[in-house]
Structure formats: C-alpha cells, structure tokens
Amino acid sequence: MANDQKPSFYITTPIYYVNAAPHLGTAYCTMLCDVQARYRRAAGYDVKFLTGMDEHGEKVAEAAANHGFDTPQAWCDSQAPLFKNLWHELEISNDDFIRTTEPRQHHAVQYLWERMKESGYLYKGSYDGWYCVPEETYFTENQVKKSDEERETPGQHLCPDCGRPLERVQEESYFFKLSAFQDKLLALYDEHPDFVQPSFRMNEVRSFVEGGLNDLSVSRTSFDWGIPVPFDDEHVTYVWFDALLNYMTAVGYSLDDDASKAEYAHRWPAQYHVVGKDIIRFHCVIWPAMLMAIGEPLPEHVFAHGFLTVRNAETGKAEKMSKSRGNAIAPQDVVDLLGVEGYRYYFMTDVAHGEDSAISFERMEQVYNADLANSWGNLVSRSLNMSAKYFDGKTPELEAGWAQKDNPLRAIATGIEKRYAEHMDVMDYVGAKDVVMELVHAANHYIEDSTPWAVAKDEARAGELVDIIANLLESIRICAHLLSPFMPETSAEVLRRMSLEAEVDTCDLAAACEWGGIAGGVEVTKGDALFPRLATDKK
RNA sequence: GCCGGUGUAGCUCAGCUGGUUAGAGCACGCGGCUCAUACCCGCGAUGUCAUUGGUUCGAGUCCAAUCACCGGUACCA
C-alpha cells in the first residue's frame, strides 16, 4: 500500500520472455534491481520492486503446442514457477510479480488502446512482410535483406532459415505514429541527459532517433495469443502495447477505484527501468513516445546493463554463452560454488558498470577468497573472537563518550555512507563496494598496528584494549549495514553475532552508519566462518 | 558499406579541462606477525600508455591516418 510518509522508489526489471528458462543473464538483471531496491529501503524510501513475465505472442503459442500443452496459458503456468523459485533462492526481494496474462494487464492494455485511439496517434494500415510457407514463419523486410546479403543472394528474398523462396504478405495492422515523436524525444534527451544510463548508451539512442523514426505496427491478425484490441475483434495486441505497459499496470494504471488511483499517483512515474542493452531502444524510444502520446509522465531513468560472456580458459577470450558451445553457466552452478551471497557479491561488484563482462569460475574463486573469505569474513572472525576472548564472551563495556575519541577507523568511517551513496544512487556497485572495502582493509590494518594480543597481556593497558576492540566492532557493524544490499543474510548474521538484531533491516542507513552505534557489554559470538575459503586447485 | 565506441602492468579497470619518476585491486615473489578462515601486515618486480605521423616548451591525455576488437544500422523479447 502506498505510504505517503516516505518518498516512493519504483524500480522494475524487464518482464522475461516465458520461452527462455531463467539464466545467468536474467538473474544478473534481477539482482541489479534487488540490490538497488534493498539499498533504497534502507535509505528510507517506500520501495516497489517489480519483476514478471511476458507471456503473449506467436512463439509462446507455438512453444505450448510443441511441448504438448493444451493451451498457451497452461504452458505459461508451467514456466512461471521456474522464475519465482529462482528469485526466491537468490534472495530477490520483489514486491510484485506480474504476468501479462493476468486480468489486470488485460484491463490496462485495453484501456491503453482506447486512450491511444483518442490521442490521434493511432491509425490502421498494412504491415508488409515475408512469409516462408514450409517453415510457417514471418520475416521482416530487414531480416530478409540481411540474410540475402550474407548469403550473397541480394534481392532474391530467400528464407533466412531454410533458404527457400519467400512469399510477400500483407497484413492489416494498427500503427502507432512513432514518427511524430522524433523532436520530442530529442528534446527529452537534451533536457534529461541522465534519462539513459550509463551515459555512453545515450549516444546510441540519440543517433538512432536522429536517423528518423518509422511508425510502429502494434497489432496482429496472424495469430490470436494476445490481448484483443477492444474496438476491433480481428486484432490482438502486438508486443509494444502489451509488454511495456506492465510497468504501469502493476501500479494501478487504468483502474478507477480510489485506492488504485492513489497508488498510481504515488508510484508513477517509475524511478528506474533496468534493462539489458538489447532492449534499450524499446525503453528509451518507443516507451517514452507511447507515454507522450497518452499524456502520462515519463520514467526518470532507464539503466542498461551489459551482457555476460564466458572467458574461455584456454584462449582467454570472451565467448557468448550458448548451449551449442557447451560453455553456458547456470545460476545453480554459481550457487554451488559460491553460495547465494557469494554469487550476489561477485556479480554485483566485479562486473564493470554497464559494460559487458567475461566471467569465469577462476575469477569467481579469486574474488570470493580475496574479498569475502580473507578480507571481510576473516575480519569479522578475528574481531569477534578477540572480543569474546578478552571480554568474557561479550563486547567490552563502554564509557560514555568513547565514540568521540579519534582513531584511524573512525576517520575513514566518517562520511562513509555519503560516499557510498554517491555510487549506489547511480547503480555503480563496483564503486560502492570499493568504499566499503576500504574500511574493511583499514580495519585489518588497524589490528596489525595496534596488536591487541600484546595489549591484552598487560593489565595496565586495559583501557586501550577496550578502545581497540570497540573500534573494530564498530567498523564491522557499519560495514555490515553497507554490504547488506549485496549480502543481506550475511550482514544480518554479523549483526546478530554482536547482539544487534534490532538493527537488521534498518530504514535509516545514514543514522545506522554514524560512528558509535555498538552496544557495550552484550553477548558476542564468533560463530562459524561466514565464507569458508575455497581451495583453489593450483598446480 | 555507414554511424558510434574501445585499445594503459598477467587479469579487470582508474587516469577530469595536456605539465615533475604512469596508478588501483586481483594474481605473482620475498620478509614479518599470530587474534583470525595457511589468514593478516610490510616490501617488491613488471608497462616503448595499439602503431605511425603531427600540434606544443611539454601528450597516455589534443589532431590525422593505420591496425585490431566491439556496438548500432528497428518490430525476437
């Protein structure tokens, strides 16, 4: 429900196409959103995090038949749990899961058609294409042209798949007058340079729009697995007016009751649509144009991430993941190696912001061992152990004002939340991680410099020992908060081991990161290693 | 073909508007320590900054050309 006390933060993943089982790429995109959603909740926002599935279209109907399902709906129903279960396993904290076959989407899409009709940006025309009779497949003019060129059979119009001659077909279709929005879109990009992120993607979008826009075919008569056009029974909605609209459907668009209207007013526009770079155009060109046409506010940002590739162990080169190459890595493979939280940490902090990235199990092990086992996990281990050992299973008793004393860790921790937020706010997780790891490394360094094991042997230095351990525990507490969006369960565990369970799931991160928050004289438990070191098979 | 981008240590990348001996993390080698997950801390080596030419007192940083790689060139999400 809408919470008017806090600002809304609405973030979405694309809706994933039902025909492809969830893979490393979809998990990556969903994790990007999850980390942002968790961060924003901690930062005091009223978050809605949406993901879901795109279930309409000709290919879904075909897949259903091929898999022996009676209806496309039954096929979709069988696939939805694959996504939901994986998101659950990967600690994805989505607040909603939309499926385009749901009644709410049906209602919203039909409502959109009426608004589009009123807008004057809709007209009926004909959509030209090429049809391969034996393959029963449609191809666009460009697909055919491209394959003819590659095959060096220009102008012959041969099927890209089987090479046989194609038939020219014309289909009646509704068109959205995308061409009318060129200037408005360019103005949007000028006025909101951060509409498309990272910034280097903006150039691609802009040059595309500058090259001129064609109107967009938005309905089909050649198949019927889709939402009917309300004023024309022959037509079903083609992808654009269906898939993209899900973002608005999920926050009450088209509904007339007071609660829904309030929800929509509170939530829309979205702050972030996170998408793969392959669908950037749909979100940065078509989608804003649609919204302009019907007079709805535009989303604030579209963030496009890169693709994950696999590093070939022998050649060192990045390759596309594919079943035929046999180089595909499944989410489960990564979970098996790193655990869920190690998985999240690796993909969120070792993939350069918005860029493609070649991943490898070797690199995963390195990052896991270096950052999680050796640095962060071991810091927690040694610090909690010393606290328990020197203070009888507890944190040291603290005198009032202890937190005001200067020390190297306090110096680094001061303002750390702000530095971290600058990166998190723009989804630069690598940069945010670096800020946190600076404190982790400093804390390990501080232990060496202050030699608490030596101080503990000298009763005259008891006060000094209290300060050392308190500074360590305090640093760990702050790091746990900052790492929580990436590794929520580990951070919660760390706080619990310091008897700070009340701080888990804070919604005031800035306050939580103020120096001086630990409790004195409470139980502390060393516990098992958070991230057991992985044995690397080095020869 | 056209448009755009990239090319900096073994790997992943920083290097803003040109200015002393080119940086970080990881990986690697040596030394120290022992609270800790054989961990941590210190020290160290490595780069003709893709190539060539140009502008400049001075260029990784600007310009041109060349080579290599990548993306886009729209209705598959």
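Chain naming here is simple, since letters A, B, ... match the order of the sequence lines and numbering starts at 1 in each. Treat the numbers as computed from the prediction; the structure is a model and nothing was measured. Reckoned from all heavy atoms, side chains included, excluding hydrogens, waters and symmetry mates.
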message: Between A:H445 and A:H441 (side chain of the first, backbone of the second, donor and acceptor by atom type, cut-off under 3.5 Å), is there such a pair?
response: no
How many whole angstroms separate atom [atom1] of [X] from atom [atom2] of [N]?
X	N	atom1	atom2	answer
A:Y189	B:rG4	OH	P	18 Å
A:R201	B:rU73	CZ	P	12 Å
A:R363	B:rA27	CZ	P	9 Å
A:E210	B:rA74	CD	C1'	16 Å
A:M53	B:rC76	CE	P	21 Å
A:F282	B:rA74	CZ	C1'	7 Å
A:I280	B:rA74	CD1	C1'	13 Å
A:D278	B:rC75	CG	C1'	14 Å

Looking only at atom [atom1], what distance separates [N] and [M], rounded to whole Å?
N	M	atom1	result
B:rC28	B:rC62	C1'	37 Å
B:rC63	B:rG19	P	15 Å
B:rU37	B:rU46	P	37 Å
B:rG23	B:rU8	C1'	10 Å
B:rG54	B:rA59	C1'	12 Å
B:rU66	B:rG7	C1'	14 Å
B:rU48	B:rG5	C1'	26 Å
B:rG15	B:rA9	P	15 Å

Among [options], the nucleotide that comes nearest once only the side chain of [X] is considered:
X	options	result
A:L213	B:rU37, B:rC40, B:rA74	B:rA74
A:A243	B:rA77, B:rG72, B:rU37	B:rA77
A:Q366	B:rC76, B:rA27, B:rA77	B:rA27

Out of curiosity, [X] [atom1] to [Y] [atom2], how far, rounded to the nearest 0.5 Å?
X	Y	atom1	atom2	value
A:N94	A:W87	CG	CH2	9.0 Å
A:L534	A:L337	CG	CG	5.5 Å
A:Y429	A:Y420	OH	OH	9.0 Å
A:Y346	A:Y368	OH	OH	15.0 Å

field: Earlier contact from the 5' end, RNA chain B, for A:D371 and A:V440
entry: A:D371
- request: For A:V239 and for A:N214, find the nucleotide of RNA chain B with the closest heavy atom, then tell me which residue's nucleotide is more 5'.
  value: A:N214
query: Ion pair present between A:R220 and A:E234, side-chain N to carboxylate O less than 4.0 angstrom?
result: no
Salt-bridge present (A:E422, A:R419; N to O < 4.0 Å): no
Close N/O contacts between protein and nucleotides 1-3 of chain B (under 3.5 Å):
none

message: Measuring to OP1 and OP2 of B:rA77, would you say a side-chain N or O of A:Y238 lies under 4.0 angstrom away?
response: yes
- prompt: Under 4.0 Å between a side-chain N/O of A:H445 and OP1 or OP2 of B:rG42, yes or no?
  reply: yes
Let me check something: any side-chain donor-acceptor pairs from residues 525-532 of chain A under 3.5 Å, sequence neighbours excluded? List them with distances.
none

task: Please test A:R99 against A:D77 for salt bridge (Lys or Arg N to Asp or Glu O under 4.0 Å), starting from the C-alpha separation and ending with a verdict.
output: CA-CA 10 Å; A:R99 299 176 54 187; A:D77 291 347; 2.6 Å; yes
Base, sugar-phosphate alone, or nothing: which one does [X] contact when heavy atoms must sit under 4.0 Å apart?
X	answer
A:D215	base
A:I286	nothing
A:A370	sugar-phosphate

- request: Provide the full list of salt bridge (charged side-chain N to carboxylate O under 4.0 Å, His left out) pairs with a residue in residues 196-211 of chain A, sequence neighbours left out, each pair given once.
  value: A:D190-A:R206, A:R201-A:E204
- prompt: Can A:K124 be said to sit on top of A:F175's aromatic six-ring, NZ or CZ under 6.0 Å from centre and within 45° of the ring axis?
  reply: no
message: I want to check a possible cation-pi pair here: A:K433 against A:F486, using under 6.0 Å from ring centre and within 45° of the ring axis as the test.
response: no
Contacts of [X] that satisfy ring-ring contact (aromatic ring centres under 6.0 Å, His included) - sequence neighbours left out:
X	result
A:Y174	A:W113, A:F231, A:H235
A:F303	A:H353
A:Y121	A:F181

message: For residues 21-33 of chain A, which residue pairs pass the side-chain hydrogen bond (donor to acceptor under 3.5 Å, both in side chains) check, not counting sequence neighbours?
response: A:Y16-A:T30
Within residues 469-477 of chain A: residues closer than 4.0 Å to RNA chain B (heavy atoms): none
statement: By salt bridge (charged side-chain N to carboxylate O under 4.0 Å, His left out), A:D392 pairs with (sequence neighbours left out) none
- request: Say whether A:E55 and A:Y17, considering side chains only, have a donor N or O and an acceptor N or O under 3.5 Å apart.
  value: no
- prompt: Just checking, any donor-acceptor pair under 3.5 angstrom between side chains of A:D242 and A:Q105?
  reply: yes
For nucleotides 33-36 of chain B, tabulate all protein N/O to nucleotide N/O atom pairs closer than 3.5 Å, reporting atom names and distance.
residue	atom	partner	partner atom	Å
B:rC35	O3'	A:N385	ND2	3.2
B:rC35	O2'	A:N385	ND2	2.8
B:rC35	O2	A:R382	NE	3.2
B:rC35	N3	A:R382	NE	3.3
B:rC35	N3	A:R382	NH2	2.6
B:rC35	N4	A:R382	NH2	2.9
B:rC35	N4	A:E448	OE2	3.1
B:rA36	O3'	A:K526	NZ	3.2
B:rA36	O2'	A:N378	OD1	2.5
B:rA36	N1	A:R382	NH2	3.2
B:rA36	N3	A:N378	ND2	3.2
B:rA36	N3	A:R382	NE	3.0

Please write out the pairs of protein N or O atoms and N or O atoms of nucleotides 5-9 of chain B separated by less than 3.5 Å, giving the distance to one decimal.
none

- prompt: Reading RNA chain B 5' to 3', how would its secondary structure be written in dot-bracket notation, given Watson-Crick and G-U pairs with both distances under 3.5 Å, brackets [ ] for crossing pairs and | for partners on other strands?
  reply: (((((((..((((.....[...)))).(((((.......))))).....(((((..]....))))))))))))....
